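Just so you know, these numbers come straight off a predicted model, no measurement behind them.
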Amino acid sequence: MKLATCVRHGAAFPFLGAQLSGKQTLLDLRSAARSAGDSGDVFADMLTYLDGGDEALQRAHELVEQTDRPPESAGVVPVGDVQLLSPLPRPRSIRDCLAFEQHYIGAMRTVAKWKLAPLAGLDRGIARVLGRGFLRPPKVWYERPIYYKGNPASVVGHEADVQWPSFTEKLDFELELAVVIGQTGKDISVQRAREWIAGYTIFNDFSARDFQMYEMKGRLGPAKSKDFDTGNVLGPWLVTPDEIDDPYNLRMSARVNGEEWASGTSGDMRFTFEEMIAAISQDETLYPGDVIGSGTLPGGCGLELDRWLKPGDVVELEIERIGVLRNRVVRPEQLSAMS
């Protein structure tokens, strides 16, 4: 099942919708539940639905199955009549891991090229001959998932404009897969961790790379370089696990203004989401609505390519079985001119 938080054009309040067969219509779950005689309160918003656990999921499936019928049925809304928001407009938390080794190495090579170009070239040459260069993550990276915490108040969704921060000239996108937690848990085992996944979505973690290089000289962070309004984008759907047979074999790609900048699969992750959940929940409670990002696909950002966004660029991230997440980056003065 594909779930979305969306708003009808001209309406003031969003609703929780489920995509119906044919993909051209959505079911307003709360309206459909009320029409069926329920209160529908469990579908008031995505967080309330997630708090409802398996019972809410089962009821949503029942309503979708009952409503696979003509467009005039109660609660059925054409997709063209709505704007898709972030499926989870206000996550309870965001933790973003760094699970792809080649992304780490690619980023290191770019930074090495800036500081000492022959070093980056030598590493690439050794990798071509031996299959592996000498630039690699520190030992701790191989021992357990590492992550930073993002700002859940800065989340926007599909087609939202991303505001270019005033403190950067090197704004970057990041192509990531993310999971949303669906139940409360602590000290969760790897073997059972998939039970805590309510669904999968696309995550674009926008980053001010020049400021990131500056602030991380203090050996803490990233912080402000990833902490600005509209800097975290989720969407366009939250896809329930029954729709995705293997989350570690999904095709992923990134396009800027229609040109493909990166492609690959989720299969190159050093740590699985189950391992991330187990590590993060050690002596710490996870809650429904917590978001965990995979980190960037190898090649899935401008930093690795040493290629940078410009104001007005449109970034599209696509992940198989989830969809396309599209955003435009805009300087504040551009927004003022358009208003």
Side-chain angles (χ1 to χ4, degrees), residues 93-116 119-150 172 174-179 181 185-194 196-197 200 203 205 207 209 212-213 215-223 225-226 246-250 252 262-284 286 290-301 303-305 319:
S93 72
I94 297 174
R95 296 172 177 87
D96 195 12
C97 295
L98 204 171
F100 291 94
E101 182 184 29
Q102 286 305 311
H103 163 65
Y104 202 136
I105 292 170
M108 292 174 70
R109 283 177 178 160
T110 296
V111 175
K113 183 177 73 172
W114 292 345
K115 297 181 176 181
L116 187 62
L119 181 66
L122 179 61
D123 183 70
R124 290 184 186 276
I126 292 173
R128 281 194 296 269
V129 174
L130 301 180
R132 188 175 184 84
F134 55 83
L135 290 175
R136 61 189 64 182
K139 181 181 177 182
V140 65
W141 183 87
Y142 295 96
E143 296 174 342
R144 62 179 293 117
I146 59 172
Y147 61 92
Y148 79 94
K149 290 186 176 180
D172 200 2
E174 296 192 35
L175 170 57
E176 303 192 28
L177 177 64
V179 296
I181 298 299
K186 179 179 177 179
D187 294 322
I188 302 163
S189 69
V190 173
Q191 293 73 25
R192 293 193 58 197
R194 190 168 291 199
W196 270 259
I197 298 176
Y200 300 87
F203 182 26
D205 166 31
S207 305
R209 295 299 192 190
Q212 184 179 359
M213 298 304 108
E215 69 177 350
M216 291 187 70
K217 292 177 182 177
R219 300 186 183 275
L220 190 65
S225 57
K226 293 175 177 280
D246 183 2
Y248 308 112
N249 188 32
L250 299 175
M252 303 171 64
S263 65
T265 77
S266 57
D268 295 326
M269 293 166 63
R270 168 76 178 189
F271 296 101
T272 64
F273 284 115
E274 290 84 351
E275 290 169 319
M276 295 177 201
I277 290 168
I280 293 169
S281 70
Q282 182 181 4
D283 296 297
E284 182 179 6
L286 293 180
D290 287 344
V291 172
I292 300 173
S294 66
T296 308
L297 180 82
C301 66
L303 175 61
E304 290 183 64
L305 307 171
I319 299 182

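In this structure, the side chains of Thr272 and Glu275 come closer than 4.5 Å at one or more pairs of heavy atoms. Residues Phe203 and Ile94 have side chains in contact (heavy-atom distance under 4.5 Å, counting atoms from C-beta outward). Looking at Phe271 and Cys97, their side chains never come closer than 4.5 Å, going by heavy atoms from C-beta outward. For the pair Tyr200 and Ser266, the minimum side-chain heavy-atom distance is 4.5 Å or more. In this structure the side chain of Leu135 reaches within 4.5 angstrom of the side chain of Arg109, judged on heavy atoms. Arg270 places none of its side-chain heavy atoms less than 4.5 Å from the side chain of Phe100. Proximity of Val179 to Val291: side-chain heavy atoms (C-beta onward) are nowhere separated by under 4.5 Å.
Open room surrounds CG on Leu220; 12 or fewer heavy atoms of other groups in view lie less than 6.0 Å from it.
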### Task
Just do the side-chain contact (heavy atoms from CB on, under 4.5 Å) check on Lys113 and Met108 with the steps written out, would you?
CA-CA 9 Å; Lys113 183 177 73 172; Met108 292 174 70; over 6 Å; no
### Task
Could you please spell out the steps behind the side-chain contact (heavy atoms from CB on, under 4.5 Å) verdict for Asp268 and Leu297?
CA-CA 8 Å; Asp268 295 326; Leu297 180 82; 5.5 Å; no
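Scanning both residues, Ala99 and Met276, for their nearest heavy atoms gives CB-CE, 3.5 Å. When all heavy atoms of Gly300 and Ala262 are compared, the closest pair comes out as CA-CB, 3.7 Å. Closest non-hydrogen pair, Ile126 versus Gly133, comes out as CG2-CA, 4.1 Å. The shortest non-hydrogen separation linking Ala193 to Ile188 is CA-CG2, 3.7 Å.
Within the 3.5 Å criterion, the main-chain N or O of Asp172 finds no donor-acceptor partner in the side chain of Ser207. Side-chain atoms of Thr296 do not come within 3.5 Å of backbone N or O of Leu175 as any donor-acceptor pair. A donor-acceptor contact shorter than 3.5 Å links the side chain of Ser189 to the backbone of Arg192. The backbone N or O of Tyr148 sits nowhere less than 3.5 Å from a side-chain atom of Asp96 that would complete a donor-acceptor pair. Side-chain atoms of Glu215 come within 3.5 Å of backbone atoms of Ala223 as a donor-acceptor pair (strictly under, hydrogens ignored). Panel note: side chain Arg136, backbone Ile105; no donor-acceptor pair is recorded below 3.5 Å. For the pair Gln102 (side chain) and Pro298 (backbone), a donor-acceptor distance under 3.5 Å is absent. A donor-acceptor distance shorter than 3.5 angstrom exists from the side chain of Ser294 to the backbone of Leu177, with no hydrogens or angles considered. A donor-acceptor pair is defined here as one N or O able to donate and one able to accept, closer than 3.5 Å; such a pair exists between the side chain of Tyr248 and the backbone of Phe273. Between the side chain of Thr265 and the backbone N or O of Gly267, at least one donor-acceptor pair lies under 3.5 Å.
Of the charged side-chain nitrogens involved, at least one lies within less than 4.0 Å of a carboxylate oxygen, so that Glu101 and Arg132 count as a salt-bridged pair. At a threshold of 4.0 Å, the pair Glu274-Arg194 counts as salt-bridged, since one of the basic side-chain nitrogens sits closer than that to a carboxylate oxygen. Salt-bridge formation is detected for the pair Asp205/Lys226: a Lys NZ or Arg NE/NH1/NH2 atom is positioned less than 4.0 Å from an Asp or Glu carboxylate oxygen.
Once rounded to the nearest 0.5 Å, the distance linking CD of Glu176 with CG of Leu98 reads 8.5 Å. Atom CG of residue Asp187 and atom CG of residue Asp283 lie 5.0 Å apart, to the nearest 0.5 angstrom. Going from atom CD1 of Ile181 over to atom CZ of Arg95 covers 8.5 Å, rounded to the nearest 0.5 Å. For the atom pair Lys149 NZ and Ile280 CD1, the distance stands at 9.0 Å (nearest 0.5 Å).
Residues Gln212 and Ser225 bring no donor and acceptor atom of their side chains to less than 3.5 Å of each other. Side-chain contact annotation: Ser93 with Asp290, donor-acceptor N/O pair under 3.5 Å present. No side-chain donor from either of Glu304 and Thr110 sits under 3.5 Å from a side-chain acceptor of the other.
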